[in-house]
Student: 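Sharing a structure below in structure tokens format, with a few things to ask.
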Amino acid sequence: MKRVVSGIKPSGTLTLGNYIGAIKQFVNLQSVLPDYEFYLFVADLHAITVPQEAALLRKRSRDVAAMYLAAGIDPQKTVLFLQSEVKEHAELGYLLQCSTYVGELERMTQYKDKVKVKKESGITAALFTYPVLMAADIIMYDPEFVPVGDDQKQHIELTRDIAIRFNNKYGDFFTVPKPLIPTYGARIMDLQDSTKKMSKSDESDKGAITLYDDSDTIRRKIRSAVTDSLGLMKYDLENQPGLANLITIYSVIGNMKPDEVVAKYQGHGYAQFKEDLAILVIDELSALQNRYHEIIDSGILDDVLDSGRDIAREYAYKKVEKCKRKIGLGRIKK
Ligand code: AMP
Ligand code: TRP
């Protein structure tokens, strides 16, 4: 059976960037790839690589799972679970660390960026080895594809290198996965600063639309989004990055190509375009929020997560046992 695997960290509040770059893509794939099996998890072990408050982390993990379902993840097609409930992720993570070099981890740009920001507060060892745990999350299930946003590309390349290295050493064992990065929306930028991506952990909340924002907040954030003074309706990532970002959001939610959005608003000012974009985003997110509220307090969520955990555990247990034997771990039985 061919498989697709992905995950999201429950750290911070989910944004429109997560929705467009990862969640929506995953939901679409469920119908585009009918013959595939889907594994999707809440990456709570990844969240604790930086300090978390226990009760809040638990709440956020549930929130992420509920948002996935609200967005259209079908539990009949997708095995949905919490990463920490399948112990083999941590176990395989360790085994793979033995096939990963410090130099490779030092080259990870996300790690380098985080070190710059967190210098004095201390960098955990787990933040450094994070990409190896991510590799374990993925190759555990032998997927063909991993749908992610642009910022995860380097981590998937490392995952491929680790899988190939292991296969060369111990014989073909892991499927070497491919990243699936959307053509549009792989990197939704901050609405106030088009040089940085829209991010969950961002304190300045004007630049990020969260999946929980109400209509007024969404409208206000889109109205105040930074554009340019050219007044030209054009999809130009280089010279008009703020506008291009808004066009991208419009095109993904409205199911149109960026050029079609440009054609539709040719001759109109940015203000009209922004008002219409706000309506589009408000409609999408309010429908999402309604479903989320139905799911979050229902027992359905636990049923889905229980059954996801059991299916994932069965697969993971077998895979890790085989992996350990390949490496030479375990007893010789007389
Ligand atoms: P994270 O929030 O880092 O756990 O990311 C979860 C998923 O959302 C990953 O596949 C990311 O690549 C994707 N993602 C996060 N932020 C953005 C963004 N601003 N634009 C597009 N995709 C994003
Ligand atoms: N590291 C990813 C992020 O920050 C989340 C993640 C963890 C993930 N394990 C994964 C994504 C496996 C895809 C596949 O976005």
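When a ligand or atom number is given, it counts from 1 through the structure's own listing order. Residues: numbered from 1 along the sequence shown.
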Student: May I ask you to check whether Glu284 and Tyr19 show a side-chain donor-acceptor distance below 3.5 Å?
Tutor: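 On atom types as modelled, these side chains qualify, holding a pair under 3.5 Å.
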Student: Please say which of Phe26, Phe81, Phe145 ends up in a ring pair (Phe, Tyr, Trp, His ring centres under 6.0 Å) with Phe38.
Tutor: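 In the set Phe26, Phe81, Phe145, the residue that makes a ring pair (Phe, Tyr, Trp, His ring centres under 6.0 Å) with Phe38 is Phe26.
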Student: Strictly under 4.0 angstrom, heavy-atom based: which residues surround ligand 2?
Tutor: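 Under the 4.0 Å cut-off, ligand 2 touches Ser6, Gly7, Lys9, Phe41, Ala43, His46, Tyr130, Met134, Asp137, Ile138, Val146, Val148, Gln152.
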Student: Do Tyr111 and His155 have their ring centres less than 6.0 Å from each other?
Tutor: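 Between His155 and Tyr111, which both carry aromatic rings, the centre distance is not below 6.0 Å.
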Student: For residues Ser6 and Leu40, determine if any side-chain heavy atom of one lies less than 4.5 Å from a side-chain heavy atom of the other.
Tutor: yes
Student: Give every residue pair that meets the side chain to side chain donor-acceptor pair (under 3.5 Å) criterion with at least one member in residues 41-60, sequence neighbours excluded.
Tutor: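 Only Asp44-Ser84, His46-Gln83, His46-Asp137, Lys59-Asp63 qualify under side chain to side chain donor-acceptor pair (under 3.5 Å).
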Student: Under 3.5 Å, side chain of Thr15 to main-chain N/O of Gly17, donor-acceptor pair present?
Tutor: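 Between the backbone of Gly17 and the side chain of Thr15 there is a qualifying donor-acceptor contact (under 3.5 Å).
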Student: Students should find this: residues with any non-hydrogen atom under 4.0 Å from ligand 1. What is the answer?
Tutor: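 Those residues closer than 4.0 Å to ligand 1 by some heavy atom are Ile8, Lys9, Gly17, Asn18, Gly21, Ala22, Val148, Gly149, Asp151, Gln152, Gly185, Ala186, Arg187, Ile188, Lys197, Met198, Lys200.
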Student: Using ring pair (Phe, Tyr, Trp, His ring centres under 6.0 Å) as the criterion, list what pairs up with Phe173, not counting sequence neighbours.
Tutor: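 In terms of ring pair (Phe, Tyr, Trp, His ring centres under 6.0 Å), with neighbours along the sequence ignored, Phe173 is linked to Phe166.
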Student: Under 3.5 Å, is there a donor on one side chain and an acceptor on the other for Lys114 and Tyr130?
Tutor: no
Student: Would you say the side chains of Tyr315 and Arg3 form a donor-acceptor pair under 3.5 Å?
Tutor: yes
